[in-house]
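Taking it in order: structure first as structure tokens, then the write-up.
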Amino acid sequence: MKPYLVLIAGILFGAIIGWFAFPAILYHSSDQPLHFSHNTHTGESGGMACTDCHTTNETGRFQGIPSVIKCAECHASPIGESVSEKQLVEHYITPNVEIPWLVYSRQPDNAYFPHAAHVTLGKMKCEDCHGPHGSSDTLRIHYTNRISGYSRDVWGANISGFSSNRWEGMKMDKCVRCHGDNNRRDGCVSCHK
Amino acid sequence: MDTTVEKKYKFGMVINLDKCNGCGACAVACAIENNVPPAVQKMNKRNGLTWLTISTVSNNEQYPQSETVFVPMFCQQCEKETPCMTVCPQNAVDVDPTTGIVGQVPQRCLGCRYCMTACPYHARYFNWWDPEWTDGMKQQLNPDVAPRMRGVVEKCNFCHSRLHSAKDKAATLGNREINPADYIPACVESCPNKAITFGDLNDTTAPITSLASNSNSFRFLSRLGTEPKVYYHSKKHWVRAMAEKAQTRSRQADGIAEEEFHG
Amino acid sequence: MVPWVYEFHWTAFHVTFLLIFFTVFVTVAATIIIALRRTQQDEQQHRMESIQWHSDFEDLAPAMKVCRHELNGDVQHRVCDNEFDCRSCTLHPVFSARKKKGSLLQYEVYGFSMPPYRLYHRGHTWVQQEDDGTFKVGIDDFGSRIIGRPHSIELPPIGSHLSVNGRGILVRRSDSTIRLLSPIDGEVIGHGNSEKGWYLKVRADNPERATTHLLKAEEVPNWILREMERLQFSFATSGVGATLADGGELVPDFHKHFPKADWDSVLGQMFLEA
Amino acid sequence: MDKLLIPRGLQRTTFEKFLLWIIPWLALLAVGAYAIYLCLAEGLFHTNMDNRFAFGIWIFLDLTVIALGAGAFFTGFLLYILRRKELKAVINSAVVIGLICYSGAVLVLMVDVGQPLRAWFTFWHPNTHSMLTEVTFCLTCYLIVLLIEYVPIVLKNRQLRQIPKFLVFEFELHKLMPVFAGIGTFLSFFHQGSLGGLFGVLRGRPFAFREELGIWPSTFFLFVISAAAAGPSFVMLTTTLVEKITRKRLVKDEVYRFLGKVSGCMLIIYVLLKSIDTLIWINSTSPGNGFPAFEFYATQSFGTWILFTEIVVLGLIPALVLLSSRLRQNKRYLFGAGFLVCSGIMLNRFVMTIQTLALPTLPFDNFLTYAPSWEEVAAFAFVIAYGVILYSLTFRYSVIFPQERELGQTNGELSMREFAQSRSVFKQPKFVTRLIDTFSSTK
């Protein structure tokens, strides 16, 4: 009987290490430089759309996180009472310093993702890939993989690699599955650069 | 979801050897476009990194009959039985079904160099050294092309980043098909003599299609049956005969192209 | 594994490839598991001793595996293939049925005391049947002389079970440890010590057949002769150089007279241990 | 301490002498380890290979070593599947040599690919059309099988066998050895073959390209058969080399002769098929690709003599010698022919790798030469040193040759005479005196 107990205990121990200790060691966590609420901007009071700030330029290139100039359009001086807004104006807008945002969805160097093809031609919504990020009140903690330097969002929050929501994880498998489902035929260099 | 089947392109090139003067602008443009790292001190012609080499071939006649052509050589984008693709043990090489471009993913590459052995054009290159850029050069890296690491194979992919850009531009306008004017590889663009014609070989109206089927156009090692998509063009008979015929070769001390040839 | 490959489509070729790969993999894994499982079973069913003997016997040179019927002249030449266990040998009854020439019973064989009322085992132990039906087991004269004075002797405890060719007695010397093979199946019922050394009392499992496999007096002279040859060669291979003659008397303790010999090796070979 | 590890009844040299033998090899191992470090840490430019000569001597030596290591699978096949009991005398040796050759080849492979840490990609994203995938899968599996086959040899060590569990496991594993021999044969068939296919499929290299038979090019089958021919010869040569170095008889002569005969049989089949293949290639395959075959031999260093040497001098001649039972009796012929067989297979692998790469394909290209750097040579010396050390340790502390005890006891004719004499001596009652006398007089 005993060897089996040892075996079960060993498996349990390994599972605990793998499930909790391993991600804690693998990822480095850091807070965003500034508190930001998407909901304030996109909700009833703000009424903005994603594309009001996150735009593509005329050549189709996605511009990513807007620069402080974009923020300054409304927040040249504080319009509310919040501490973070005051910080934004004082530390970034007035001295015209870019905010060192940590990007959740930054892909590895060799991945090429055209937003225009997916949004304009493919008629996909931002939420399809980014989830309900646009209606969040706070910015999540940013996890960086200590080995690869990638954001944890690339692998997904679930350490086993399974995800219940479509926007969790941005691995190649996901791209390929969706392309396959939609009869897209691609070569490697269609999405790699 | 949109399930429109994409247009099938077949990108190719025709290089007019009679126009090429061997200036090397294409090779420089290629290196800059594709983030090919600069040579390190110990590099030589044989283990350096280039995606495009230019060989000198002469007819070995006495003056005034002596003639020389310059042959730019790079990945010939074999269409059939692509030698490098079938041999790669881990699918790091593929032929894009929508463009016919032979792609190489360095991040998947093991560095076994079997594809280099398989390539009859010697158009694949291995990173024998760690790539090193000076700080100034780092600023100039092309953000659309991922730099490669040491120990992997790389090669010409018809400036794929430019195809990405062209597709992006078309998509912004709501188009599925690219504007041919938006997709021109760096070597084609930089050639001062306009010796290289680039385009879609499936497009019967494109200038390349008629040029490729011209009787003065030929492909190297066409008898191997790999259907390369890079054509060469010359009005000179001896050049076309040189390409057709395997030659009796003699060993020479230097590895580059001076060749005994009687046209 | 292949479904990870993008643009992958199943073909007969893939199915074959994967089938072959996983068959190989599973076969290798299964074979190792079977080997481990059998090891466990052997351990539970106490087959360790017989396997050890099997392995030792396998490593013996053919010259060491002479059949007893070659010793008594029944056959010109035969190498034992049954691990010195005549009880299960198919040829032993055939040879035994042949008519024997009567041979002279000697108490002393080439200077060794080998009483004919005892039966001998190849590992230099003897068995003697007592009037009460039990058996006495001891080490023979040849064996005790090459062992010399042991450091200690470890007898199997009373009540323990011996099996033929299994480990019987453990003899320790300063330079070597030797296990003596048990000549008989049975339960140890007593230890004894006479002026000639120690012995065991054993109640045999099957008194009828308990001694079938042991050497009888008529086989002993030839056996001892071969053992002497073997001894000489084991000295030769153990690299002993020239040794002194001690005169014409029998030497009770060989060990003293060949101190330079590789006794560990000599004893291992003489007591059939690899 | 050392003494208690050496198998009983086997003569081994003193520990000091053994150290003296091992130390130079350890030194070589250290040099090789440094070279390997340079290649792995700084880059493969240390090897002198280049974009044209993308495969260097490492692939040539890998192919050679794996062909020579084929003794392990072929001896196993003959012993366990075809039940040729006489090969029991050399099976352990064949397994150890096979293990050394295969693990060495994999080691060199890991040094000479650009990104060894990505080797697992082949298992995760395999391209089932690539010969290298077949090689990788089979090589990995077979290396595991060889390690399993090596376990019983290690467990036979005198101290390890004292642990009853080990001994019983060894016994049970040994009983199942035919399974591993069968799997080993199966895997070897495929990877030896695909190593040949490696070059045979190169459409872009008309010198190496061969027509397909089924799904494999003809070189697939030629490599399998030639490896089966080289394996037994190499086992024969290494065993006699060990005999020479240790000054002992380890294996009976008839075993050598049997190995020679097996090698000869396989070689004659190989020579026949190779000749047919060469003729088809000269007359059809090569010209079909636009390359008249004899132009490949028009350069100075690789003339047609190389083809003649490969097929006749190092193929037909040793095959005929090994097939003649009269010539096999003569050890000089037997080992000489064995040496020629191994050299022939080496030359074949050389031609397939180095010559293929040296010959130009483009009409304006040149014949290429290449000299390996010291780092590349040292990396291979590492494998040789590792092999010698592993073999020496196994030989010293385990039983590689089961006949050694027996042959050690009847050491040559002289001993037989002594044996006869001693018989009569022992008939005297006061034998101990005589025993001692015999010792005094013969030594």
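Every chain is numbered from 1 and lettered A, B, ... according to where its sequence line falls, protein lines coming before strand lines.
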Margin query: Just to verify, what does D:F199 make a ring-ring contact (aromatic ring centres under 6.0 Å, His included) with, not counting sequence neighbours?
Written below: none
Checklist line | Contacts of B:W128 that satisfy ring-ring contact (aromatic ring centres under 6.0 Å, His included) - sequence neighbours left out | finding: B:F126
Note to self: Using ring centroids (six-membered ring only for Trp), state whether D:F350 and D:F60 fall under 6.0 Å.
What the structure shows: yes
Counting only heavy atoms closer than 4.5 Å, note whether [X] contacts chain B via side chain, backbone, both or neither.
{"X": "D:T122", "result": "both"}
{"X": "D:E42", "result": "backbone"}
{"X": "D:L132", "result": "both"}
{"X": "D:L44", "result": "both"}
{"X": "D:T356", "result": "neither"}
{"X": "D:I59", "result": "neither"}

Next item on the list: Before accepting this row, confirm whether a basic side-chain N of the pair B:R150/B:D130 lies closer than 4.0 Å to the acidic partner's carboxylate O.
Entry: yes
Notebook entry, point to check: Are D:R52 and D:D365 within salt-bridge range, i.e. N to O under 4.0 Å?
Noted result: yes
Next item on the list: Output all residues satisfying side-chain contact (heavy atoms from CB on, under 4.5 Å) with B:F218, sequence neighbours left out; order by chain, then residue number.
Entry: B:L17, B:F220, B:Y232, B:S234, B:V239, B:R240, B:A243
Check: Any residues in residues 66-74 of chain B near chain D, with a heavy-atom distance under 4.5 Å, and which are they?
Finding: B:V71, B:M73
Item checked: chain D contacts, top residue of B:M116, B:H122, B:M85 (heavy-atom pairs, under 4.5 Å) -> B:H122
